[in-house]
Amino acid sequence: MTPLHLGAMHPYEQALTLLLAFGPFVVLGIVLAVRRRQERDDSRDTR
């Protein structure tokens, strides 16, 4: 059986694919940045 190519993806399909592929890493980066900022601020307050 030969796989058939369905043609080029629509722009919204490309955007959705990129969002699903890279979105979790972007969210993780934001969460890490916020947590590090909170921890840095907490360590300054305890001095």
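Heads up: numbering here begins at 1 and tracks the sequence. Not measured: the values here are computed from a predicted model.
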Requested in this report: Quick one: pull up OH in Y12 and OG1 in T17 and give me the separation to the nearest 0.5 Å.
Outcome: 10.5 Å
Query raised in the report: So how far is it from D42 CG to E39 CD, rounded to the nearest 0.5 Å?
Result: 7.5 Å
Report summary line: For L28, the hydrophobic cluster (side chain heavy atoms closer than 4.5 Å, chained through members) also holds L32
**Report entry** R40, CZ atom: more than 12 neighbouring heavy atoms under 6.0 Å
**Finding:** yes
